[in-house]
Amino acid sequence: MKITDLLSPESVLIDADIDSREKAISVLVDLHEKAGHLSDKEVYRQAVLKREAECATAIGMGLAIPHAKSDAVKSAGLAAVTIPGGIDCDALDGQPSNLIFMIAAPDDGDLHLEILSELVGLLMDENLRTGLLQAESPEAFLALLGEAEG
């Protein structure tokens with residue numbers, strides 16, 4: 001499974017004007033819906049909010065990866081936003097998150113953990129994170145991820 005197989009230009013938003021974690025979640029859920037990953041966006045949104053209430057999914061280094069498993073997911077997918085100024089997502093390092101990926105996974109199995117592991121592995125590369133934040137289009141964003149995956 002490749003990360004780039006789970007993303008499309010429709011599920012990536014560059015330089016988003018977002019000022020809160022709640023707004024970021026709503027925008028990312030909308031991107032998942034636009035990409036055709038969801039059968040019920042409100043049910044999925046509630047699943048993500050419930051997961052965030054249990055434990056923040058910001059991992060530091062400017063990254064946050066909210067996620068949820070739900071029956072409202074038709075097909076596993078990713079959505080991503082870049083936020084120039086960053087937002088507070090309760091990251092472990094106390095820094096704002098400016099690169100946020102959201103994983104949508106069906107309720108059966110642990111596919112979300114596989115995706116999370118693969119994604120975090122890629123994003124440990126500081127040069128990749130910097131490049132993604134500087135991408136000027138969804139296509140450029142996807143091309144950088146594709147190069148990183150090899």
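Positions are given from 1, in the same order as the sequence printed here. Small disclaimer: the values here were computed from a predicted structure and weren't measured.
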From [atom1] ([X]) to [atom2] ([Y]), nearest 0.5 Å:
| X | Y | atom1 | atom2 | answer |
| --- | --- | --- | --- | --- |
| L7 | L78 | CG | CG | 4.5 Å |
| R45 | S70 | CZ | OG | 12.0 Å |
| I115 | I65 | CD1 | CD1 | 11.0 Å |
| Q46 | K41 | CD | NZ | 12.5 Å |
| R51 | I103 | CZ | CD1 | 10.0 Å |
| E33 | S39 | CD | OG | 10.0 Å |

Exercise for review: Taking side chain to side chain donor-acceptor pair (under 3.5 Å) as the test, write out the residues that go with S20, two or more places apart.
Suggested key: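 None.
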Practice item. Look at the side chain of T82 and the backbone N and O of D15, then say whether any donor-acceptor pair between them is shorter than 3.5 Å. Key: yes
Study note, to complete from the structure: Sorted by chain and number, sequence neighbours left out, ring pair (Phe, Tyr, Trp, His ring centres under 6.0 Å) with H37 holds for H32
Review point. In terms of heavy-atom contacts, does CD of E54 have more than 12 from other residues, nucleotides or ligands at under 6.0 Å?
Key: yes
Review point. Which ILVMFWY residues are connected to V48, directly or by a chain of links, through side-chain heavy atoms under 4.5 Å apart?
Key: L13, I18, I25, V27, L28, V29, L31, L38, Y44, L49, V73, V81, I83, I87, I100, M102
Between [X] and [Y], which heavy-atom pair has the shortest distance, and what is it?
| X | Y | answer |
| --- | --- | --- |
| V43 | A72 | CG1-CB, 3.7 Å |
| C89 | A58 | O-CB, 3.3 Å |
| A135 | I14 | O-CG2, 3.2 Å |
| G36 | S75 | O-OG, 4.1 Å |
| P9 | E139 | CB-OE2, 3.6 Å |

Exercise for review: Could you note down all residue pairs passing side chain to side chain donor-acceptor pair (under 3.5 Å) where residues 2-13 supplies at least one of them, sequence neighbours left out?
Suggested key: T4-E149, S8-E10
Exercise for review: Among residues two or more places apart or on two chains, list those pairs meeting ring pair (Phe, Tyr, Trp, His ring centres under 6.0 Å) that have a residue in residues 113-149.
Suggested key: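 For residues 113-149, and leaving out neighbouring residues, the ring pair (Phe, Tyr, Trp, His ring centres under 6.0 Å) pairs sorted by first residue read F101-F141.
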Would you mind writing out the side-chain donor-acceptor pairs for residues 120-132 within the sub-3.5 Å range, not counting sequence neighbours?
| from | atom 1 | to | atom 2 | distance (Å) |
| --- | --- | --- | --- | --- |
| D125 | OD1 | N127 | N | 2.8 |
| D125 | OD1 | L128 | N | 3.2 |
| R129 | NH1 | L123 | O | 2.8 |
| R129 | NH1 | M124 | O | 3.2 |
| T130 | OG1 | E126 | O | 3.0 |

Review point. Salt bridge (charged side-chain N to carboxylate O under 4.0 Å, His left out) between D88 and R21: does it pass, once the steps are laid out?
Key: CA-CA 7 Å; D88 181 10; R21 181 175 15 173; over 6 Å; no
